[in-house]
Amino acid sequence: FASQSPERVLPRSSDLLLCERVVVEVLGVYVGSFAIAIASGVFPIVNAELYLIGLVLAIGGIPEALLLAVVIAAGQMIGKGLLFLTARGASKRWTPKLERFRLRVQRWRSAPYSVTFVSAAVGLPPLYLLTVLAGILEIRFRMFLLVGFAGRTLRFGTIGLLAALA
C-alpha cells in the first residue's frame, strides 16, 4: 500500500475480481459466494448480480444457479440486516433531529413490506436506501428480513436462471 499514490482511494474492478476469486478458492463456491454476498449487502461496490452471472456462466447448470441464488440472497439479507440494525441504533442517538423526517415518511409505514419486496426484487427504490430507512422507521426486523429474502431470492433466481440458459 505504501507504493500507491494517495489519489487512488477506491479499488479497481480488477482488484475486486481478484479478491472474489481468492475468497471462492479458499472457502469453496457456496461458502465463498455467501461471504461475498454479505459484503455486497453492506458495500454497494461489490455487485452480487454480476458475480452471480459470472459464476453461473463458469460452472453452468440450472440447479447450481438456483442454489447459488438462494445462497446469495441469504448472504445479502444478512448484510442488509447489519445495515438495518446500524441505522436503527444510529437513529436512537439522533432522535430529535430525525423526528421531522419520521413525520414526513410516516405515509410509507402503511405499506413497508410490499415496498420492501418490490425493492428487493426489482431494485427500485434501491434496497440499500430502503434498508437504512426501514431501520430508522423501526420496521419489524424479522419481517423485513423475510420479505427482503423472498424478493432477493426472486431477483437472483431470475438472474441465475437467465445466465444458466445463456
Side-chain angles (χ1 to χ4, degrees), residues 1 6-13 15-20 22-24 27 30-55 66-160:
F1 291 113
E7 294 86 8
R8 185 168 171 239
V9 177
L10 293 175
R12 293 182 302 232
S13 60
D15 293 342
L16 291 173
L17 291 174
L18 177 63
C19 179
E20 290 171 349
V22 169
V23 169
V24 169
L27 299 176
Y30 297 106
V31 176
S33 296
F34 185 72
I36 289 168
I38 292 172
S40 76
V42 177
F43 305 108
I45 194 169
V46 181
N47 191 313
E49 290 84 354
L50 290 177
Y51 172 78
L52 175 62
I53 291 168
L55 194 56
L66 295 177
L67 180 57
L68 279 168
V70 172
V71 167
I72 291 173
Q76 265 231 331
M77 288 314 296
I78 287 175
K80 297 297 182 198
L82 295 172
L83 195 60
F84 178 101
L85 293 173
T86 301
R88 179 174 280 178
S91 73
K92 292 190 187 311
R93 278 195 241 147
W94 302 332
T95 301
K97 294 178 183 176
L98 290 174
E99 208 50 48
R100 282 185 298 174
F101 177 70
R102 284 183 200 230
L103 291 174
R104 285 184 183 171
V105 184
Q106 194 68 23
R107 292 174 279 150
W108 184 77
R109 234 190 219 287
S110 63
Y113 305 116
S114 58
V115 174
T116 299
F117 181 80
V118 169
S119 177
V122 179
L124 290 172
L127 186 57
Y128 190 92
L129 296 176
L130 186 102
T131 300
V132 172
L133 186 61
I136 290 170
L137 294 176
E138 298 181 1
I139 302 302
R140 288 189 354 218
F141 182 63
R142 287 185 189 164
M143 283 301 294
F144 171 79
L145 288 180
L146 288 173
V147 172
F149 176 71
R152 285 276 125 172
T153 301
L154 176 65
R155 178 182 182 91
F156 292 126
T158 303
I159 291 169

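By convention here, the first residue in the shown sequence is residue 1. Hydrogens, waters and symmetry mates play no part in the numbers below; they use all other heavy atoms, side chains included.
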Side-chain donor-acceptor contacts of residues 83-90 below 3.5 Å, not counting sequence neighbours, with atom names and distances?
from: T86; atom 1: OG1; to: L82; atom 2: O; distance (Å): 2.8
from: R88; atom 1: NH2; to: I139; atom 2: O; distance (Å): 2.5

Checklist entry - What residue pairs, at least two apart or across chains, pass salt bridge (charged side-chain N to carboxylate O under 4.0 Å, His left out) with a residue in residues 42-55? => result E49-R152, E49-R155

Checklist entry - What heavy-atom pair brings V115 and P125 nearest, and what distance separates the two atoms? => result CG1-CG, 4.2 Å

Next on the checklist: Among residues at least two apart in sequence or on other chains, which ones pass side-chain hydrogen bond (donor to acceptor under 3.5 Å, both in side chains) with S119?
Outcome noted: none

Next on the checklist: Nearest 0.5 Å, please: how far is OG in S40 from NZ in K80?
Outcome noted: 7.0 Å

Next on the checklist: Any non-hydrogen side-chain atom of L137 less than 4.5 Å from a side-chain atom of P112?
Outcome noted: no

Checklist outcome for this item: For residues 34-55, the ring pair (Phe, Tyr, Trp, His ring centres under 6.0 Å) pairs (sequence neighbours left out) are none

Next on the checklist: Give me the atom names and distance for the closest heavy-atom approach of G79 to V42.
Outcome noted: O-CG2, 3.4 Å

Checklist entry - Which value, rounded to the nearest 0.5 Å, describes the distance between L67 atom CG and I72 atom CD1? => result 9.5 Å

Next on the checklist: Which heavy atom of Q76 sits nearest to which heavy atom of A48, and what is that distance?
Outcome noted: NE2-CB, 3.8 Å

Next on the checklist: Quick test of your reading: applying side chain to side chain donor-acceptor pair (under 3.5 Å), list the pairs with at least one residue in residues 120-133, sequence neighbours left out, ordered by first then second residue.
Outcome noted: none

Item to check | Spacing of I159 atom CD1 and L52 atom CG [to the nearest 0.5 Å] | outcome: 6.5 Å

Checklist outcome for this item: Residue pairs meeting salt bridge (charged side-chain N to carboxylate O under 4.0 Å, His left out), one or both in residues 114-130, sequence neighbours left out, come to none

Checklist outcome for this item: To the nearest 0.5 Å, atom OG1 of T158 lies from atom CG of L66 at 9.5 Å

Checklist entry - How many angstroms lie between CG in N47 and CD1 in I36, if you round to the nearest 0.5 Å? => result 11.5 Å

With a 3.5 Å cut-off and sequence neighbours excluded, list the donor-acceptor pairs that the side chains of residues 142-149 form with protein atoms.
none

